[in-house]
Amino acid sequence: MTAWFRRQHDAAPAPEPEPDDSPAVLTRTLGELVAFINRSAGRLPAESVVAARLVTDTVQDVIDTAENGTLDIHAGLSAKAILQDYLPTTLRAYLALDPATVRQPAGDGRTPDQSLLDQLTSLLSGAEDVRAAARSRDVDALVSQGSFLRTKFTGSDLDL
């Protein structure tokens, strides 16, 4: 019985999980999101598929700015928000619509197809700004862009 307890004590501790804004986790999340976009391509407008993939490519560029396996905290938080919230939420909101309604103008005169493309274009612009700030290591710009993205892509702004 003593040997059994000794083996338990000698066991290596479980590794700490990686933070969900680490480059490795973000890369896995990115791969899952790209697969989701590809699977959904038949139900999304073609130009929106292209725009969504441009967003994912841009976020990959942000992840690639990591040095020594570490991404700037603000760049990591923005990339995480885009990959885990803003982009998938935008796409899922569109995909939840009745396909018969996606080309019918809403109260603002825009169709859900147009609104989706507008949201993706805005998200792409934000991701490009994060990429530029991450490449130049501009912390103030990263903080400002993160605030813009949170404001733009939370709450009612996702209404299609």
Side-chain angles (χ1 to χ4, degrees), residues 13-97 99 102 106 108 110-160:
E16 293 280 326
E18 290 189 70
D20 55 359
D21 61 350
S22 72
V25 171
L26 290 172
T27 299
R28 282 194 298 274
T29 303
L30 178 67
E32 293 165 5
L33 185 54
V34 167
F36 171 72
I37 294 167
N38 291 343
R39 282 192 312 272
S40 304
R43 299 180 325 185
L44 293 168
E47 58 275 355
S48 292
V49 172
V50 172
R53 287 303 312 277
L54 286 171
V55 172
T56 60
D57 290 349
T58 303
V59 174
Q60 179 64 63
D61 291 345
V62 171
I63 296 168
D64 289 345
T65 66
E67 291 181 350
N68 302 320
T70 304
L71 190 58
D72 174 88
I73 183 96
H74 302 291
L77 291 173
S78 291
K80 174 186 168 191
I82 291 168
L83 296 176
Q84 293 181 3
D85 185 7
Y86 310 148
L87 182 55
T89 299
T90 299
L91 295 173
R92 286 188 183 108
Y94 176 87
L95 292 169
L97 297 173
V102 297
D108 65 356
R110 306 201 39 81
T111 67
D113 280 357
Q114 292 167 326
S115 294
L116 174 63
L117 186 57
D118 288 347
Q119 287 289 319
L120 293 172
T121 301
S122 182
L123 188 52
L124 176 58
S125 176
E128 288 170 338
D129 290 345
V130 170
R131 177 180 59 194
R135 285 180 174 167
S136 68
R137 310 278 186 247
D138 186 344
V139 175
D140 290 337
L142 283 166
V143 171
S144 295
Q145 193 54 33
S147 295
F148 165 77
L149 287 169
R150 273 189 306 281
T151 301
K152 179 70 177 164
F153 288 95
T154 54
S156 63
D157 283 333
L158 292 176
D159 294 338
L160 294 173

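The structure presented is a predicted model; accordingly, all values stated were derived computationally and were not measured.
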With sequence neighbours excluded, tell me which residues meet salt bridge (charged side-chain N to carboxylate O under 4.0 Å, His left out) with [X].
{"X": "Arg135", "result": "Asp61"}
{"X": "Asp113", "result": "Arg103"}
{"X": "Asp64", "result": "none"}

- Message: Taking side-chain contact (heavy atoms from CB on, under 4.5 Å) as the definition, give me every residue that meets it alongside Asp108, ordered by chain and number, with sequence neighbours left out.
- Response: Ala106, Arg110
- Message: Going by salt bridge (Lys or Arg N to Asp or Glu O under 4.0 Å), name the pairs with one or both residues in residues 42-54, residues two or more places apart or in two chains.
- Response: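 Applying salt bridge (Lys or Arg N to Asp or Glu O under 4.0 Å) to every pair that reaches into residues 42-54, excluding sequence neighbours, yields Arg53-Asp57.
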- Task: Please check if the side chain of Ser136 supplies one atom and the backbone of Ala133 the other of a donor-acceptor pair under 3.5 Å.
- Result: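 Indeed, once roles are kept as given, a pair shorter than 3.5 Å links the two residues.
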Drop me the distance from [X]'s [atom1] to [Y]'s [atom2], to the nearest 0.5 angstrom.
{"X": "Ser48", "Y": "Leu54", "atom1": "OG", "atom2": "CG", "answer": "11.0 Å"}
{"X": "Ile37", "Y": "Thr56", "atom1": "CD1", "atom2": "OG1", "answer": "5.0 Å"}
{"X": "Gln84", "Y": "Thr89", "atom1": "CD", "atom2": "OG1", "answer": "10.5 Å"}
{"X": "Thr27", "Y": "Gln60", "atom1": "OG1", "atom2": "CD", "answer": "5.0 Å"}

- Query: Are Thr58 and Ile82 close enough that some pair of their side-chain heavy atoms sits under 4.5 Å apart?
  - Reply: no
- Task: Report yes if the side chains of Ser40 and Leu91 come closer than 4.5 Å at any heavy-atom pair, otherwise no.
- Result: no
Pair up each side-chain donor or acceptor in residues 66-79 with any protein partner under 3.5 Å, not counting sequence neighbours, and list the distances.
from	atom 1	to	atom 2	distance (Å)
Glu67	OE2	Arg137	NH2	2.5
Asp72	OD2	His74	N	2.9
Asp72	OD2	Ala75	N	3.1
Ser78	OG	His74	O	3.2

- Item | Identified side chain to side chain contact (heavy atoms under 4.5 Å, CB included) partner of Leu83 from the options Val55, Val25, Leu26 | Leu26
- Note on the structure: Heavy atoms of Ala52 and Leu87 approach each other most closely as O-CD2, 4.0 Å
- Item | Closest non-hydrogen atom pair, Thr65 against Ala134 | OG1-CB, 3.7 Å
Tabulate below the donor-acceptor pairs under 3.5 Å that side-chain atoms of residues 120-129 make, not counting sequence neighbours, or state none.
from	atom 1	to	atom 2	distance (Å)
Thr121	OG1	Leu117	O	2.8

- Message: As a quick check of understanding, evaluate side chain to side chain contact (heavy atoms under 4.5 Å, CB included) for Leu149 and Val130, giving each step before the final call.
- Response: CA-CA 10 Å; Leu149 287 169; Val130 170; 4.0 Å; yes
- Message: Under the criterion side chain to side chain contact (heavy atoms under 4.5 Å, CB included), I'd like the reasoning laid out for Leu116 against Leu44: C-alpha separation, chi angles, the key distance, then a yes or no.
- Response: CA-CA 9 Å; Leu116 174 63; Leu44 293 168; 4.0 Å; yes
